[in-house]
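Reading through the structure tokens given below for one structure.
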Amino acid sequence: MQTEVKRPTAPPRPPDRAALREAALAHLARFAATERGLRQVLTRRVARWARRAVEAGVDGQEAAACAASLAPEITAVVADMVGMGAVNDEAFAAARARSLTRTGRSARAIEAHLAARGIGGALRADALAERDAALDEAAPGVEAEVLAGLALARRRRLGPFRPLAADDEGTSGPDEEGLRQRDLGVLARAGFARDVALRVIGMEAEDAMALVIALKSS
């Protein structure tokens, strides 16, 4: 019986600008991205090629050198995506600030989220200011942080959204104080200032729900 001889696998061709542009468009068709985020996606794409090339027998240093030489191509593709409006850090920051607020994220948490995605300080501040202005129209006179805190409270069933809060008898004494301190702790760990947390957990259930509805519809 003749033994089949396996032919060596041909090393994959390194991605050129056209391939990187196609990868960028495919990613942006599914996800919103910042300039830094898209650069990371394309850098990982090149790194995967380098690993496959080494597995196919390409010298490791040669593959690394080729991967490094593609950095200008990545920069060019990212710039192209920015130029055509497919990547817009300002719009990304504004949209993400609003969506994260609706899910109960504090301004501190939103700042950290945007910074981790490469959004600069000025754009982060602008995004939060735009969020505040939009929410002031939805709920005049109520701070955006209070609205975000209420969204978190509803999701975690804290304060006015705790089931016992709607009972006539409710809780009293140490149990009530223990629940209050627990709720304050949850809000504090989420980045909300103590005065905001106190306003959130001390709000009447009906008022709290009306504000959450206003936030969700903003």
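The figures that follow rest on heavy atoms only: side chains count, while hydrogens, waters and symmetry mates do not.
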Could you go through the side-chain contact (heavy atoms from CB on, under 4.5 Å) check for I110 and R96 one step at a time?
CA-CA 8 Å; I110 293 171; R96 193 56 60 90; over 6 Å; no
Keeping [X] on the side-chain end and [Y] on the backbone end, is there a donor-acceptor pair under 3.5 Å?
{"X": "R155", "Y": "T103", "result": "yes"}
{"X": "D126", "Y": "E90", "result": "no"}
{"X": "R30", "Y": "A26", "result": "no"}
{"X": "D183", "Y": "G159", "result": "yes"}

Roughly how far apart are [X] [atom1] and [Y] [atom2], rounded to 0.5 Å?
{"X": "L150", "Y": "I201", "atom1": "CG", "atom2": "CD1", "value": "11.0 Å"}
{"X": "L25", "Y": "L20", "atom1": "CG", "atom2": "CG", "value": "11.0 Å"}
{"X": "H113", "Y": "R105", "atom1": "NE2", "atom2": "CZ", "value": "6.5 Å"}
{"X": "Q40", "Y": "H27", "atom1": "CD", "atom2": "NE2", "value": "9.5 Å"}
{"X": "E73", "Y": "R21", "atom1": "CD", "atom2": "CZ", "value": "13.0 Å"}
{"X": "T101", "Y": "L128", "atom1": "OG1", "atom2": "CG", "value": "7.0 Å"}

Give a yes or no on whether [X] atom [atom1] has more than 12 heavy-atom contacts from other residues, nucleotides or ligands under 6.0 Å away.
{"X": "R154", "atom1": "CZ", "answer": "no"}
{"X": "R102", "atom1": "CZ", "answer": "yes"}
{"X": "R157", "atom1": "CZ", "answer": "no"}
{"X": "E22", "atom1": "CD", "answer": "no"}

Give every residue pair that meets the salt bridge (Lys or Arg N to Asp or Glu O under 4.0 Å) criterion with at least one member in residues 132-149, sequence neighbours excluded.
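Sorted result for residues 132-149: R131-E145, E143-R199.
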With the 4.5 Å side-chain cut-off for hydrophobic clustering, are F92 and V82 part of the same group?
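In one cluster with F92: V82, no.
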Looking at every non-hydrogen atom in both residues, tell me the closest pair between A56 and P12 and how far apart they are.
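Taking A56 first and P12 second, the nearest heavy atoms are CB-CD, 4.2 Å.
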Could D80 and R17 be called an ion pair, given the rule that one side-chain N must be under 4.0 Å from one carboxylate O?
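No salt bridge links D80 with R17.
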Check E111 with R108, please: is the shortest side-chain N to carboxylate O separation under 4.0 Å?
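Here R108 does not pair with E111 in a salt bridge, since their nearest N and O are not under 4.0 Å apart.
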Less than 4.5 Å apart, side chain to side chain, heavy atoms only: is that true for R44 and V41?
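Heavy-atom side-chain distance check passes, below 4.5 Å.
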T34 and R39: side-chain donor and acceptor closer than 3.5 Å?
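No - no donor-acceptor pair under 3.5 Å links their side chains.
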